[in-house]
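Everything numeric here is computed off the predicted structure, so don't read it as measured data. Order of the sequence lines fixes the chain letters, A, B, ..., with proteins taken first and strands second; residue numbering starts at 1 for each chain.
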Amino acid sequence: MQEAVNIFVKSIFIDNMVFAFFLGMCSYLAVSKTVKTSLGLGIAVIFVMVITVPVNFLLLKYVMKPGALTWISPSFADVDLSFLSFMVYIAVIAAMVQLVEMIIEKFSPALYNNLGIFLPLIAVNCAILAGSLFMEQHEYPNIGHVLSFGLGSGIGWAIAIISLAAIREKLKYSNIPAPLKGLGITFIVTGLMSLAFMSFLGIKL
Amino acid sequence: MSLFSSKNIKLLSAPFNLQNPITVQILGICSALAVTVKLKPSLVMGISVIIVTALSNVLISLLRRLIPPRIRIIVQLVVVASMVILVDQVLRAFVYDVSKQLSVYVGLIITNCIIMGRLEAFALGNKPWPAFIDGIGNGAGYAVILIIIGAVREFFGSGTLMGISLVPQSFYEAGYQNNGMMIMPAMALILVGSIIWVQRAFNKELIEKN
């Protein structure tokens with residue numbers, strides 16, 4: 001249990017998807033103009049992350065790992081499907097995103113209209129795919145750890161985009177050199193935020 | 001129609017400056033920042049992306065009349081994913097150490113927005129040969145930025161290029177120190193910000209209005 005909490009805190013602050021690994025930067029930069037939309041996108045990412053990472057974990061454990069198929073029949077002991085992992089992950093993610101899109105459209109049309117094009121874009125948000133790839137790389141032992149990793153990474157990404165949106169709302173009123181306006185200053189602000197997040201590196205878990 | 005008409009040349013050259021995928025279109029930034037601590041992984045990553053963009057552009061362009069528009073995203077993802085699997089297996093076979101360094105970022109080429117962006121914006125509506133050129137051009141525009149950032153970060157951060165030491169030993173004895181800041185993730189962001197700054201200072205039309 002304690003291990004799961006550690007993974008949770010670590011994936012939010014220390015291994016933050018945006019500031020430590022630069023993942024999901026495209027939508028991070030494109031959608032962070034107002035706090036409201038970035039909040040919506042942040043929640044959608046958390047939701048998709050919490051579903052896809054454990055689902056992919058189960059698929060990896062019971063279908064794709066070398067010898068994973070022995071639960072069907074012992075004769076499958078040398079089957080190794082792990083080379084398929086990229087394709088399976090992305091298919092699961094695309095399907096989940098489609099599902100989330102339908103759910104949001106049904107229950108919250110206002111949020112659906114606000115998110116617009118960005119919902120389908122979650123499918124190509126690298127943070128989501130990276131969640132599954134890191135899950136494979138870290139070799140978590142059970143589903144509880146995987147769940148807290150997925151939740152933590154999603155929340156970490158949401159925190160990053162919401163705080164950047166808050167800064168950008170204020171930046172509108174500042175006098176920035178013309179060539180640096182918009183994208184340039186956003187990069188530099190993100191760099192400074194990433195420096196700030198480095199102070200969490202000192203936490204020992 | 002000639003293979004290298006002026007229109008095709010333009011497809012090849014525009015991504016280097018006015019249509020650069022990273023600094024102008026803001027596509028594919030994730031991997032651009034993460035793999036650029038050293039020059040060698042940046043180089044390998046750049047080449048991999050060029051190959052994947054060009055090949056998947058050609059494939060989608062060949063299939064463009066057969067793909068039903070409603071499920072095109074999934075079809076595109078599957079095509080890109082199979083190309084990336086190919087590249088990943090080749091990297092593991094021939095440059096294992098670099099493949100280890102790139103870790104998850106090879107897999108993340110699948111979700112690299114440059115590729116999806118080019119498929120959506122270009123390959124779906126054009127013939128295979130222009131699509132191929134467009135893929136090479138955009139991949140190369142991406143690779144150029146990667147190589148610049150990789151070279152700057154490795155030279156100032158570790159005093160080497162491609163692992164060969166360039167700063168003479170006498171400098172270190174005189175008190176020169178490598179800038180450890182360059183190796184940290186934050187510096188990659190600030191460098192991209194500076195590249196954008198310089199590029200826009202020379203190309204006034206790229207400056208954002210608000």
Side-chain angles (χ1 to χ4, degrees), chain A residues 16-30 83-91 93-95 97-98 120-121 123-134 136-137 172 176-198 201, chain B residues 23-36 71 73-74 76-78 80-82 84-85 88-89 92 103-117 181 184-204 206-210:
Chain A
N16 186 291
M17 280 283 176
V18 175
F19 298 127
F21 298 112
F22 314 107
L23 294 167
M25 285 303 266
C26 308
S27 34
Y28 173 79
L29 294 168
F83 67 93
L84 281 179
S85 59
F86 290 167
M87 217 182 264
V88 171
Y89 293 162
I90 201 73
I93 290 168
V97 168
Q98 202 82 55
L121 280 185
V124 284
N125 185 329
C126 7
I128 310 259
L129 180 61
S132 295
L133 293 175
F134 277 127
E136 183 178 350
Q137 209 181 38
K172 263 184 225 151
I176 303 161
L180 206 52
K181 260 186 196 159
L183 192 56
I185 194 71
T186 312
F187 266 107
I188 292 178
V189 165
T190 312
L192 297 176
M193 284 165 75
S194 150
L195 270 185
F197 262 69
M198 261 180 209
L201 281 177
Chain B
T23 60
V24 180
Q25 306 179 48
I26 341 179
L27 297 174
I29 293 156
C30 329
S31 51
L33 300 168
V35 299
T36 50
I71 59 159
I73 303 250
I74 298 214
Q76 287 164 1
L77 280 176
V78 170
V80 176
S82 28
V84 171
I85 291 176
D88 183 46
Q89 301 287 337
R92 273 186 209 188
S103 74
V104 298
Y105 293 100
V106 178
L108 288 177
I109 298 179
I110 300 174
T111 53
N112 191 317
C113 347
I114 294 180
I115 297 171
M116 288 295 282
M181 175 87 179
M184 293 180 182
M187 207 53 212
L189 289 161
I190 295 176
L191 272 178
V192 175
S194 318
I195 291 179
I196 292 173
W197 190 357
V198 171
Q199 193 197 10
R200 293 195 179 175
F202 284 105
N203 298 288
K204 297 283 181 225
L206 291 178
I207 293 175
E208 286 170 45
K209 292 289 174 298
N210 46 0

Can you tell me how far the CG atom of B/Leu77 sits from the CD1 atom of A/Ile93, to the nearest 0.5 Å?
9.0 Å

Picking from A/Lys172, A/Gln137, A/Met193, which has the most non-hydrogen pairs under 4.5 angstrom with chain B?
A/Gln137

Please find the pair of heavy atoms, one from B/Ile85 and one from A/Met87, that lie closest to each other, and give the distance.
CD1-CE, 4.2 Å

Does any heavy atom of chain B fall under 4.5 Å from the side chain of A/Met198, the backbone, both, or neither of them?
side chain

Let's test your reading of the structure: which of B/Ala188, B/Ser194, B/Gly193 forms the most heavy-atom pairs below 4.5 Å with chain A?
B/Gly193

Between B/Gln199 and chain A, which part of the residue has a heavy atom less than 4.5 Å away: side chain, backbone, both or neither?
neither

Taking side chain as everything from C-beta outward and backbone as N, CA, C, O, which of these in A/Ala130 sits under 4.5 Å from a heavy atom of chain B? Side chain, backbone, both or neither.
both

If you round to the nearest 0.5 Å, how far is OG1 of A/Thr190 from CG of B/Leu189?
6.0 Å

Residue list, ring-ring contact (aromatic ring centres under 6.0 Å, His included) with A/Phe19, at least two apart or on another chain:
A/Phe197

Using non-hydrogen atoms only, which part of A/Leu29 is less than 4.5 Å away from chain B: side chain, backbone, both, or neither?
side chain

Of all heavy-atom pairs between B/Ile190 and A/Gly191, which one has the smallest distance, and what is that distance?
CG1-CA, 4.1 Å

